[in-house]
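In what follows, a single structure is set out as structure tokens and then discussed.
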Amino acid sequence: MSGIQDLLSSSMGSDLIRGLASETGQAEDKTAELLAMAMPTMLGAMKKNARSPQGAEGLMNALSSRHTGDILENIGGVFEGGVDQNFKNEGAGILGHLFGSNQSAVENSLSQRSGMNPAAISQIIQMAAPIVMGLIGRQRAQSKISDSGGLDSLLGGLLGGQSQTDLGALSSLLDADGDGSFLDDVSDMMGGASKSSGGLGGLLGGLFGK
């Protein structure tokens, strides 16, 4: 199953990184490092939310209607002439749903780890959010998933390849407010991940301080 690692290392990922860096004035390598932390964080929050019947139903409806994966066909086109404000608003809505009152804490934690200022991080993850939804939507359609159990497995599979070192960093990002609410979910989600130097950390050269 293709996941975040595959997306970031693909030509689509290059278009995404290049576009986000250009739109926000950030270096491409720093943008790539941020995405490698932020996109799994979004998936982790989504996986937690989807464990409630209402959350799973809402996500399934969004994936089968608005976020079907068509956006992945022309990621570069999203950034031609500047990103449309409606696209940004859509991303802001996704993030608000995923993180709620934790959003600022997550952005600040990402800032501490990446060295990028929170304002730039907010812009980047806002524009990346619809892309993440498109990735999930495409995988859902290809796998013909129609129930919450399949959706839970899909989200976990998209995080495949994370190392245990990455897991510790991801856990702290998801629990940025210190209440421990995300830790069990992340551990369940990625407890079977490889302990090798592969995954996103290996891909980006020791992103999490290995």
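Met133 places none of its side-chain heavy atoms less than 4.5 Å from the side chain of Met42. Side-chain contact between Arg18 and Ile75 is absent, with no heavy-atom pair separated by less than 4.5 Å. When side chains are defined from C-beta on, Phe79 does not count as touching Asp15, because their heavy atoms never get closer than 4.5 Å. Side-chain contact between Glu73 and Met12 is absent, with no heavy-atom pair separated by less than 4.5 Å. By the 4.5 Å heavy-atom criterion applied to side chains, Phe87 and Ile71 are counted as neighbours.
Closest of all the heavy-atom pairs between Ala50 and Leu59 is CB-CD2, 4.1 Å. Shortest non-hydrogen contact noted between Leu34 and Ser114 is CD1-OG, 4.3 Å. Nearest approach of Ile17 to Glu28, heavy atoms of both residues: CG2-O, 3.4 Å. Between Lys47 and Leu155, the shortest heavy-atom contact is CA-CD1, 3.6 Å. Between Asn49 and Ser52, the shortest heavy-atom contact is O-OG, 3.2 Å. Minimum interatomic distance between Ala36 and Leu8 (heavy atoms only, all atoms of both residues): CA-CD1, 3.8 Å.
Listed for the Ser122 side chain is no donor-acceptor partner under 3.5 Å among the backbone atoms of Ala119. No donor-acceptor pair under 3.5 Å is formed between the side chain of Ser111 and the backbone N or O of Glu107. Side-chain atoms of Ser22 never come within 3.5 Å of backbone atoms of Gly19 as a donor-acceptor pair (strictly under, hydrogens ignored). The backbone N or O of Arg140 lies less than 3.5 Å from no partner atom in the side chain of Ser143, so there is not a single donor-acceptor pair. When atom types are taken as modelled, the side chain of Ser64 and the backbone of Met60 share a donor-acceptor pair closer than 3.5 angstrom. The closest donor-acceptor contact from the side chain of Asn74 to the backbone of Gly77 lies under 3.5 Å.
A distance of 9.0 Å separates CG of Asn86 from CD of Glu90, quoted to the nearest 0.5 Å. The distance from atom CG of Asn117 to atom CD of Gln123, rounded to the nearest 0.5 Å, is 8.0 Å. To the nearest 0.5 Å, atom CE of residue Met116 and atom CD1 of residue Ile121 are 6.0 Å apart. For the atom pair Ile145 CD1 and Leu151 CG, the distance stands at 6.5 Å (nearest 0.5 Å). The line from CG of Leu72 to NE2 of His67 is 11.5 Å long, rounded to the nearest 0.5 Å. Between the OG1 atom of Thr41 and the CG atom of Leu95 there is a distance of 11.0 Å, given to the nearest 0.5 Å.
Here Glu33 does not pair with Arg113 in a salt bridge; the nearest charged N to carboxylate O distance is not below 4.0 Å. Ionic pairing of Glu23 and Lys88 is present here: one or more N-O contacts between side-chain nitrogen and carboxylate oxygen are shorter than 4.0 angstrom.
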(message) As a quick check of understanding, evaluate side-chain hydrogen bond (donor to acceptor under 3.5 Å, both in side chains) for Asn89 and Gln85, giving each step before the final call.
(response) CA-CA 6 Å; Asn89 292 342; Gln85 186 60 47; 2.9 Å; yes
(request) Kindly determine whether Gln103 and Leu98 satisfy side chain to side chain contact (heavy atoms under 4.5 Å, CB included), including the steps that lead there. (result) CA-CA 8 Å; Gln103 184 170 337; Leu98 291 181; over 6 Å; no
(request) Would you please test Ile136 and Leu43 for side chain to side chain contact (heavy atoms under 4.5 Å, CB included) and show each step? (result) CA-CA 9 Å; Ile136 300 167; Leu43 287 173; 3.4 Å; yes
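The only member of Val132, Leu35, Leu135 that meets side chain to side chain contact (heavy atoms under 4.5 Å, CB included) when paired with Leu7 is Leu135.
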